[in-house]
Amino acid sequence: MREFMDYIQTAFYGATGWNRDNSYSTLNATSGALLHFTTPRGLRLTLSSLATPHFATAYQLGTIGVVDGSISYLYSTVPLDYHAVAQSDKIPLPELLRSYLPLAALEPHNRIKGARQDVLAYGRLYLPMSMLEALMVKRISPTLQVQVSAVSDQTLRNGGTVLGMVQYDEGRYGVEGLASSDGGLLGIRGLYNFGGDVAGSASPNITQEIGNGGSGPEKERIYGRFSAGGELYYGTLNKSGGMSLGTRFATLPSHKGTPLTATMTVNPLMGTLSWTYAVMAGRHCSLATNMDFNVYSYESSWSVGMELWRKKGAWIVDADINSDRSEISSEPIYPLPQRSFQAKMEWRMDDPLPLLDTPDLLLPTPAPHAAQEPATKQRTFRAKLEWRHNHEDEDEDLYSGVLKARLDHHWRMGLLWEGRIKSLLFSLGSGIDLRRPDSPFRTLGLEVQFSS
Amino acid sequence: MAFNFNWSPLAADAEFYKRAQELLTSALNKYPKPPIIVDDILVTEFNLGSVPPDLEILEIGDLAEDRFRGIFKMCYSGDAFLTLRTRVQANPLNTYLSAKPTFTSPQPLAASAGLTIPLSITLSEIKLSAFIILVFSKQKGLTLVFRNDPLESLKVSSTFDSIQFVRDYLQRTIEGQLRNLMMDELPAIIHKLSLRLWCPDQIPRDEEIVKENVENEAVVDPFANPPVEAVDSHGHVLDANDIASLSLDCGSGAQSLFSQKNMLRLAALTDSHRTLSLFTPGIRDAMFRAWAGPTERHDGGVSTPVVAPTLYRMPSTHGSSTIYTFTDTGSMDQGSLPSRPSMVHLNSATAGLTLGAGRHSRNLRKKKTRVVNLRRPKTASETNSDMGDTITDTVSVTAPISEPILPTSIPEEIEEDTILPRVPSWVRLNGDNRPTLTRAPLNMDIYNEPIITDGVPLTASDKVPSNRSERAMRGAASPRRPDFTHPEPANSDTSSVMLEQAWIMKMADEIARRVYDEKQRKEKLWEEGDDAPPPAYQPTQ
């Protein structure tokens, strides 16, 4: 489950208009969330609260045989309550738990807020280990942000490490420079966006109209944004380095087809190629796959992951965007005449009689059922994809939970069920090793979170 | 002394290599590995080569059929080799991140993608040079400890030899790991192996010992049944390490057992032996053999095995070593106790009997007091003379040359002899029910080797009995004499036990009396004996 403090931090970025995703390090965020979500271990209880619009606290108690815990505080110069719902009984679950991240607009309408030089400070103390985490984010200008994170721990070599990062986001491109006290690591990474909305060419509306207004079978043109970037690291003390290049294609929210994200990363030094593909197969289902291949060692690996949202009350298995679209586009009461299977088989046109009968038979049954509910849902979904932040929308509370699963080439399986009971957010997860049928459950955990 | 090492048979045993590989593999994977090693380390090839190591014996602290303790200097530059196989992480960024907290991780996207490479490493041209402390006992197995860092140089060849940086890193890392292995793991491995070989024999062996005792009474060899469990002066059991340290550290531990005063006096005593002076310093807090009760007698018997170490140790060491030895024997021979009585009866006349009895009885262990074989003032004079003769022996420390078993036993016997004359009612002998009998053999010894006795008085009484027994039993006196370069009619000693007994019976009283009465005279006699032991011996008889 996403940590409350991470959620609040995201709210800070939202409040200051910083696009966290316009960075090379988040190139794989969508597939990563679907394929590498963490399953809880042991029992963990979190109490958190956004006490004032500027101040948040969280207390965590966990046990994996040994009891441990942490205390964390967060302070922000920006009021956060407008951008985040802290009450655990009202937090929109998709906001908190979603895996598939639709691309964000490159020119947020509230970017102007960034000129205020807002600051976020966060500290977390892990108690038995006496480990301290600290984070400070400062917005210098609308396009520049500085972030410093530090860890103090006895077990670390010099008692701790510090990582400083300067982020520059111009919208079309974003550059980050970082330096770590550990090993004197220096790094730079950048991302460049092109195509789609950046190019300003093909307007989505046109395609949309074509797709919707035109004949159903016509293939809709895929509309999305390309991003390419790279990263380079060099450890000045240990004289080692690393680099990678990556590219991504993701559909824009205005794309009327199936949202998808595809990435390819290359590590030329190590010869590793990696492909990921994530698709929002339905409104309640996302799928992702990943494949790695190393050209030097011929090692390869794959993994698949999915997430399935559960509606309040019942499972929705078949809620396809296609079906939605067909419903929407099915304003003409009479659907286009189609040949029946039998007719196709016989290479002839359908008989006129069945054609006349179809509306009577088909329309009453699916239409009322699917037309009303999906229509409202569709609106919400669209609204989200269209960067309208409408948490107050009742439909955000549509879901009661989400099931995430992943499987990799070692036949290790991860299962995670997250949801809400009353005002408690819970996360129940397990790691399963399918190759060991005698004791498949390697880890088991439950996290309970309450916030106010 | 020489050792014969069967190097190639060891290597020819296929099972051995298999076992050794398994043990090495488990040892290498025992500790958490650095993040760069992502797989288990497998030992795929292991060969000891054909060139055995050079061993130089620096010191032998204890030697017996089933016990051994010594220090060696080992040099090895042979053709042994070892091949390891594992997989390593070739991406430095990956290993760099693996040990860092994620909170401050730069979280690279794909730059940290792992690349695991199979790696095989061959270690060859191993050059070792080390001081090895080797302690072996049939019951506790073989313990081998390196006193210094044994690894001198080593050639590491690997898959990455062409990359200088990697090669250097591997060389460094492996040398470190290997040092660790040698110093910590290897002793454990060897100990495990040795236990496998010898542990099962442990119980049966005890029985054998008992039998031996019964059967070998005539040939009682104190060294045959050396004490297995050492005990210190307080009766606590010493483990092998303690013993080793005790004996190896020049008796640093042992010295604590002696009071400074007594040490000085003992030193004076030895000096007096060297100089043939008649002065014998009185030593307080010392229990004289003559006063010792039957229990002490046991001690004497037990101590015999220890003789060898004492000989070459400093006088101080003597005491300590003797002490523990006898307790050990006592424990070992426990089982044989029941049989002992019979033995005693048979051999009562012979010193050998006393020995056996001593061993069997455990009482010795509990005793903390050490029996020092010093005569009273009068006897002291005698001893002095004796000592003069024996000087070489007593000086034991200085004269380890003769240390070989025979000489050691000899001095003890002599002691007994000397003692007997001084104190007719000898405690040890009494323990056997027939003090007189024991005396008789002693007398014989005395006559034969009055010279040697000098050293003995200093040493714990324990040694004495054993020597005595030996002598009586097999007429070992003759061999000893040669050592002393006094060709005596030792053969006479070898006469059958019966003869000795009879003779002893007759003579015991007589001798005892004579000894007491003639102590002064004896002194002179002894002195004469120094020059020519045979003459001295003749008169007494």
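Keep in mind that the numbers below use all heavy atoms, side chains included, and drop hydrogens, waters and symmetry copies. In the text below, chain A, chain B and the rest are named by the order of the sequence lines, each starting its count at 1.
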For the CG atom of A:Leu163 and the NZ atom of B:Lys100, what is their distance to the nearest 0.5 Å?
13.0 Å
Relative to chain B, which segment of A:Met243 carries a heavy atom at a distance below 4.5 Å: side chain, backbone, both, or neither?
backbone
Hey, what do you get for OG (A:Ser240) to CG (B:Asn94), rounding to the nearest 0.5 Å?
11.0 Å
Provide the closest heavy-atom pair for A:Leu185 versus B:Pro106 in the form atom of the first, atom of the second, distance.
CD2-CG, 3.6 Å
Around A:Arg41, counting heavy atoms of other residues, nucleotides and ligands shown, do more than 12 lie under 6.0 Å from its CZ?
no
Measure distances from A:Ala134 to the heavy atoms of chain B and classify the residue's part below 4.5 Å as side chain, backbone, both or neither.
backbone
Rounded to the nearest 0.5 angstrom, the OG1-CG distance for A:Thr263 and B:Leu109 is 7.5 Å
Per-residue contact mode, A:Tyr24 against chain B (heavy atom under 4.5 angstrom)
both
For the residue pair A:Arg189 and B:Gln107, what are the closest heavy atoms and their distance?
NH1-O, 3.4 Å
Does the side chain of A:Leu135 come within less than 4.5 Å of B:Phe103's, by heavy atoms?
yes
Using a cut-off of under 4.5 Å for heavy-atom pairs, which of A:Ser149, A:Gly32, A:Gly242, A:Ala179 has the most such pairs with chain B?
A:Ser149
Given side chains that start at C-beta, do those of A:Asn238 and B:Pro92 come closer than 4.5 Å, heavy atoms only?
no
Heavy-atom side-chain proximity of A:Leu156 to B:Pro101 below 4.5 angstrom
yes
Residue pairs passing the side-chain hydrogen bond (donor to acceptor under 3.5 Å, both in side chains) test where at least one lies in residues 148-159 of chain B, sequence neighbours excluded:
B:Asp149-B:Arg179
Closest heavy-atom pair and its distance - A:Thr272, B:Gly114
OG1-O, 4.0 Å
Would you mind reporting whether B:Asn91 and A:Asn267 have side-chain heavy atoms less than 4.5 Å apart?
yes
How long is the gap from OG1 on B:Thr104 to CE on A:Met165, to the nearest 0.5 Å?
10.0 Å
Any donor-acceptor N/O pair, A:Glu299 side chain to B:Leu115 backbone, under 3.5 Å:
no
Under 4.5 Å from any heavy atom of chain A - which part of B:Thr116
both
Please answer whether the main-chain N or O of B:Pro108 pairs with a side-chain N or O of A:Glu231 as donor and acceptor at a distance below 3.5 Å.
no
For A:Ser274, which atoms come within 4.5 Å of any heavy atom of chain B: side chain, backbone, both, or neither?
neither
Has B:Tyr96 got a side-chain atom pairing as donor or acceptor with A:Asp182's backbone, closer than 3.5 angstrom?
yes
Tell me, side chain or backbone of A:Ser180 under 4.5 Å from chain B's heavy atoms, or both, or neither?
side chain
